[in-house]
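To keep things clear, I will list the structure first and then write my remarks on it.
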Amino acid sequence: MLTISSRIHDNILNSTSNSKQHHDDEVYAVPEKDWVLKLLSWYDVNKRDLPWRRTKNPYAIWVSEVMLQQTRVETVIPYYERFMNQFPDLKTLAGAPEEPVLKAWEGLGYYSRVRNLQEAARQVMERFAGQVPPEPKAFRSLKGVGAYICGAVLSIAFQIREPAVDGNVCRVFARFFGWDDPIGSTVLLKKAWQASLDQLAWLPDERVPDWTQGLMELGALVCIPRSARCGECPLADGCTARAQGKVEMLPVRKPRKENQEVYRKALLLTDENGRVLLTQRPDKGLLANMWELPTFEQGFHSLEQVKYEPERSEQFRHVFSHLTWIVDVTPARIDLEKTNPLESRGRVAEESSQYGSDSGQRSWCDREALSRLPMNNLTLKILKKYGVL
DNA sequence: CAAACGTGGCT
DNA sequence: TAGCCAAGTTT
């Protein structure tokens, strides 16, 4: 049985004479639309079998889109499987404590994504009776749902004609139409959004999800940032950049700001039971609410109860998107001879709070706690290196 | 509008 | 090695 779109495609492929006369809004057999059908046909054959493509569940698709922000498919897959297993539906996510939710995201980065997602889940429970709203305006109003997520989830799950313009789509269009507006600019975003909408306007409902995903899939597999595989591209014929030999020059990129180096001193403080002292970061900003080694800006002089040798410190370098941490980690132990264990424990913790980079929660962590508390990759790396994890 | 916000893979 | 980059949103 032929789908509507394949009939259109056949129609186009078979029509050679009557196409030029259609300069109005007639959608069938207009030659300008040929590239759209070529893209859809290419997608039919070349689309990857990804976990979130096996469902129409809007929540599942939403989770995948949030994970895929600035993150590669191969990285996301195992996280997606675990997350959907642990939080199978909106209600479960909304009702969960934040800690296990952050832990499930551990290592993925951009942790505010999942904190926003959980907040949005709670908003859906309250404002929309637990159902993802199919109206763009309503869905877009949820925490962490920007223009892209809104278009992606609604077009894929509900066949709503709302464009989803991401980096891939901007790149594909910039090259195909020869646009030289800088990537990330409002101008390029609007042009791409309109170009996508122009096609959504006439495509049959059932092709709406394929249009959204096909555009991105082409950008991910063929029209890639460097060394584009134009030989495999279904749109190579009509591609402006290809014709002008400017494929590698588009899209135009702005120079990046160099990221600043920030120096920190951290203490890997263990007790006689092998527990380690961790502190929780503030609930806003970088690595919000995650746990890390107590970190001092002024050195360790005040910690008289602690046995440590500064010369044994080891330096770790951790690169974020906008800054680089250079951390001196000093292994240390509670000095039982100098202090009364019953009190010193509290005093050390007290001081680590006073001199640490934050004034948040602190805790002596055993294996169970370490498996439960969310930490960023630098902290995990340090704990593993010293055999604590 | 620019800056904040993580991480790992690839060249 | 060092820099670039990946299915963005918030402030």
Side-chain angles (χ1 to χ4, degrees), chain A residues 43 47-48 50-53 61-80 102 105-117 119-120 139-153 155-156 163-172 181-189 192-193 196 209 211-221 223-228 248 251 253-262 281-290 292 317-325 374-381:
Chain A
Y43 181 68
K47 65 180 175 188
R48 289 169 290 180
L50 303 174
W52 46 89
R53 286 188 178 159
I61 293 169
W62 186 1
V63 169
S64 77
E65 292 298 345
V66 173
M67 285 188 173
L68 286 164
Q69 286 179 26
Q70 310 288 287
T71 310
R72 289 186 159 73
V73 165
E74 315 81 66
T75 304
V76 163
I77 291 176
Y79 280 90
Y80 174 82
L102 259 186
W105 211 266
E106 184 180 80
L108 255 190
Y110 285 138
Y111 300 98
S112 68
R113 288 182 295 175
V114 76
R115 300 180 70 226
N116 289 339
L117 179 62
E119 173 61 22
F139 187 52
R140 177 75 173 74
S141 73
L142 299 170
K143 193 77 173 173
V145 177
Y148 166 76
I149 294 273
C150 179
V153 173
S155 66
I156 294 170
V165 178
D166 70 339
N168 285 316
V169 176
C170 281
R171 183 172 58 254
V172 168
D181 311 280
I183 194 81
S185 70
T186 306
V187 173
L188 181 59
L189 195 66
W193 194 89
S196 179
W211 173 245
T212 291
Q213 297 178 91
L215 223 36
M216 292 191 287
E217 194 78 334
L218 187 73
L221 299 181
C223 196
I224 52 184
R226 284 169 293 186
S227 308
E248 295 297 324
R253 299 196 173 274
K254 297 178 191 170
R256 286 203 173 188
K257 211 190 77 172
E258 64 175 288
N259 65 350
Q260 196 129 0
E261 294 182 335
V262 174
R281 295 178 58 83
D283 72 348
K284 290 181 189 302
L286 185 65
L287 304 173
N289 280 355
M290 301 189 80
E292 65 181 359
R317 193 183 181 84
H318 189 73
V319 180
F320 294 97
S321 50
H322 62 302
L323 60 85
T324 298
W325 275 354
M375 294 166 272
N376 88 315
N377 274 8
L378 174 61
T379 303
L380 292 170
K381 179 178 167 187

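In what follows, chains carry the letters A, B, and so on, assigned in the order in which the sequence lines appear, proteins first and then strands, with residues in each chain numbered from 1. As the structure is a prediction and not an experimental result, all values here were calculated from the model. Side chains are part of it too, since the values below use all heavy atoms of this structure and drop only hydrogens, waters and symmetry mates.
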Is [X] touching bases, backbone alone, or none of the nucleic acid, heavy atoms closer than 4.0 Å?
X	answer
A:Leu50	base
A:Arg115	nothing
A:Trp105	nothing
A:Thr186	sugar-phosphate
A:Val145	sugar-phosphate

Residue pair A:Gln69 / A:Tyr148, side-chain donor-acceptor N/O under 3.5 Å: no
I'd like to check [X] versus [Y] (side-chain heavy atoms, cut-off strictly below 4.5 Å). Are they in contact?
X	Y	result
A:Leu50	A:Tyr80	no
A:Phe320	A:Asn259	no
A:Ser321	A:Tyr110	yes
A:Val165	A:Cys170	yes

Is any side-chain nitrogen or oxygen of A:Lys143 closer than 4.0 Å to OP1 or OP2 of C:dT11? yes
Would you say a side-chain N or O of A:Lys284 is under 4.0 Å from OP1 or OP2 of C:dT10? no
Has A:Arg171 got a side-chain atom pairing as donor or acceptor with A:Cys223's backbone, closer than 3.5 angstrom? yes
Looking only at C:dT9, C:dC5, B:dA3, the nucleotide nearest the A:Tyr148 side chain is C:dT9
In 5'-to-3' order, the base (B), backbone-only (S) or no-contact (-) status of each nucleotide in nucleotides 6-11 of chain B, using a 4.0 angstrom heavy-atom cut-off, is BBB---
Using atom [atom1] of [X] as one end and atom [atom2] of [N] as the other, report the distance to the nearest whole Å.
X	N	atom1	atom2	answer
A:Trp325	B:dA4	CH2	P	14 Å
A:Leu188	B:dC1	CG	P	12 Å
A:Leu142	C:dT10	CG	C1'	15 Å
A:Lys257	C:dC5	NZ	P	18 Å
A:Ile224	C:dC4	CD1	C1'	14 Å
A:Leu117	C:dG8	CG	P	15 Å

Note: for A:Arg253 and A:Cys150 on DNA chain C, the residue whose nearest nucleotide lies more 5' is A:Arg253
Which sits closer to the 5' end of DNA chain C, A:Leu68 or A:Arg140, going by the nucleotide each is nearest to? A:Leu68
P gap between C:dA2 and B:dC5, integer Å: 25 Å
Determine the interplanar angle of the A:Phe139 and A:Trp62 rings, folded into 0 to 90°, and report it as parallel if under 30°, tilted if 30 to 60°, perpendicular if over 60°. perpendicular
Please list, chain by chain and in numerical order, all residues satisfying salt bridge (Lys or Arg N to Asp or Glu O under 4.0 Å) with A:Glu261, sequence neighbours excluded. A:Arg317
Residue pair A:Leu323/A:Ser185 against DNA chain B: nearer the 5' end by closest nucleotide is A:Ser185
